[in-house]
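Only a predicted model underlies this, so the values are computations on that prediction, with no experimental measurement involved.
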Amino acid sequence: VQLQASGGGLVQAGGSLRLSCAASGRTFRSYVMGWFRQAPGKEREFVACISATGGSTRYADSVKGRFTISRDNAKNTVSLQMNSLKPEDTAVYYCASGSTCSNVPARYSYWGQGTQVTVSS
């Protein structure tokens with residue numbers, strides 16, 4: 001599985017961004033998909049994950065109520081709608097695929113290259 005994340009950019013606090021992750025391969029619909037982020041000098045942090053069918057989601061407490069993860073298995077894409085952005089959301093965002101909707105990076109087998117999100121105050 002190859003993953004390509006896009007949609008990052010610079011936005012003011014309170015604004016919105018939508019990240020997308022395009023996946024190659026016929027097995028996309030078999031995988032759990034997750035989003036993680038990593039700020040400079042910090043460890044990679046779980047953001048959200050979604051089950052293979054899209055029927056179940058999980059969010060980090062820090063983004064719950066502001067971010068929404070979704071997927072389109074017909075288009076092999078997973079998205080992260082980010083609203084009410086805060087400066088502390090600034091990070092490189094990565095999409096990943098795995099077999100379990102987990103907040104542990106090691107549980108994911110494939111990773112995209114990351115897309116930068118910068119939120120100005």
Side-chain angles (χ1 to χ4, degrees):
V1 177
Q2 291 186 325
L3 305 174
Q4 180 78 29
S6 62
L10 173 65
V11 64
Q12 288 188 334
S16 299
L17 278 176
R18 185 176 181 87
L19 305 183
S20 293
C21 178
S24 64
R26 299 179 181 178
T27 58
F28 173 79
R29 62 187 65 202
S30 300
Y31 286 100
V32 163
M33 296 299 298
W35 285 98
F36 288 76
R37 65 188 182 187
Q38 189 166 18
K42 295 188 176 181
E43 293 186 352
R44 193 161 295 192
E45 175 189 28
F46 170 75
V47 175
C49 60
I50 188 167
S51 64
T53 63
S56 177
T57 57
R58 179 180 178 183
Y59 296 92
D61 288 344
S62 59
V63 307
K64 203 171 292 183
R66 299 188 298 123
F67 291 11
T68 302
I69 188 172
S70 61
R71 66 188 296 161
D72 185 337
N73 285 345
K75 296 182 179 180
N76 280 16
T77 58
V78 60
S79 299
L80 185 69
Q81 178 66 42
M82 306 186 295
N83 299 328
S84 302
L85 283 161
K86 305 175 181 180
E88 51 264 44
D89 294 319
T90 295
V92 177
Y93 283 70
Y94 299 89
C95 58
S97 63
S99 57
T100 303
C101 198
S102 170
N103 61 353
V104 178
R107 296 291 183 92
Y108 293 80
S109 302
Y110 302 98
W111 291 82
Q113 85 291 358
T115 185
Q116 176 71 47
V117 172
T118 303
V119 184
S120 63
S121 58

Output yes when a side-chain donor or acceptor of Thr90 lies under 3.5 Å from a complementary backbone atom of Val119, and no otherwise.
-> yes
Please report the closest heavy-atom contact between Tyr31 and Ser97, naming both atoms and the distance.
-> CB-CB, 4.0 Å
Parallel, tilted or perpendicular: which fits the ring planes of Tyr93 and Phe67, with parallel below 30° and perpendicular above 60°?
-> tilted
Has the side chain of Thr100 got a donor or acceptor atom that lies under 3.5 Å from a matching backbone atom of Ser102?
-> no
Are Leu19 and Val11 co-members of a hydrophobic cluster defined by side-chain heavy atoms under 4.5 Å apart?
-> yes
Does the side chain of Ser6 come under 3.5 Å of the side chain of Gln4 through a donor N or O and an acceptor N or O?
-> no
Side-chain heavy atoms under 4.5 angstrom apart, residues restricted to Ile, Leu, Val, Met, Phe, Trp, Tyr: same cluster for Met82 and Phe46?
-> no
Taken to the nearest 0.5 Å, the spacing of Gln2 CD from Asn76 CG works out to 12.5 Å
Transitively linked via ILVMFWY side-chain contacts under 4.5 Å: Leu85 with Val63?
-> yes
Which heavy atom in Val1 sits nearest to a heavy atom in Ala23, and how many Å separate them?
-> CG1-CB, 4.4 Å
Take atom NZ in Lys64; do more than 12 heavy atoms of anything else shown fall under 6.0 Å from it?
-> yes
Arg71 side-chain N/O to Ser51 backbone N/O, donor-acceptor pair under 3.5 Å = yes
Residue among Ile69, Val117, Thr115 satisfying side chain to side chain contact (heavy atoms under 4.5 Å, CB included) with Leu80 | Ile69
After noting the C-alpha distance and the side-chain angles of Asp89 and Lys86, does the key distance pass the salt bridge (charged side-chain N to carboxylate O under 4.0 Å, His left out) rule?
-> CA-CA 5 Å; Asp89 294 319; Lys86 305 175 181 180; over 6 Å; no
From Arg18 atom CZ to Asn83 atom CG, the distance as rounded to the nearest 0.5 Å | 9.5 Å
Would you check, one step at a time, whether the test side chain to side chain contact (heavy atoms under 4.5 Å, CB included) holds for Ser20 with Thr77?
-> CA-CA 7 Å; Ser20 293; Thr77 58; 5.8 Å; no
Identify the residue among Tyr108, Phe36, Tyr59, Trp35 that makes a side chain to side chain contact (heavy atoms under 4.5 Å, CB included) with Cys49.
-> Tyr108
Heavy-atom closest pair (Val78 atom, Phe28 atom, distance to 0.1 Å) is N-CZ, 4.2 Å
Residue pair Pro105 / Arg44: nearest heavy atoms and the distance that separates them = CG-O, 4.3 Å
Whether Ser121 side chain and Pro87 backbone form a donor-acceptor pair below 3.5 Å | no
Under a 4.5 Å side-chain heavy-atom rule over Ile, Leu, Val, Met, Phe, Trp and Tyr, are Val32 and Trp111 clustered together?
-> yes
Give a yes or no on this: more than 12 heavy atoms of other residues, nucleotides or ligands lie within 6.0 Å of atom CD of Gln81.
-> yes
Any sub-3.5 Å donor-acceptor pair from Gln38's side-chain atoms to Ala91's backbone N or O?
-> no
Do Glu45 and Ser62 have side-chain heavy atoms sitting under 4.5 Å apart?
-> yes
Might you confirm whether atom CZ of Arg58 has over 12 heavy atoms from other residues, nucleotides or ligands at distances under 6.0 Å?
-> yes
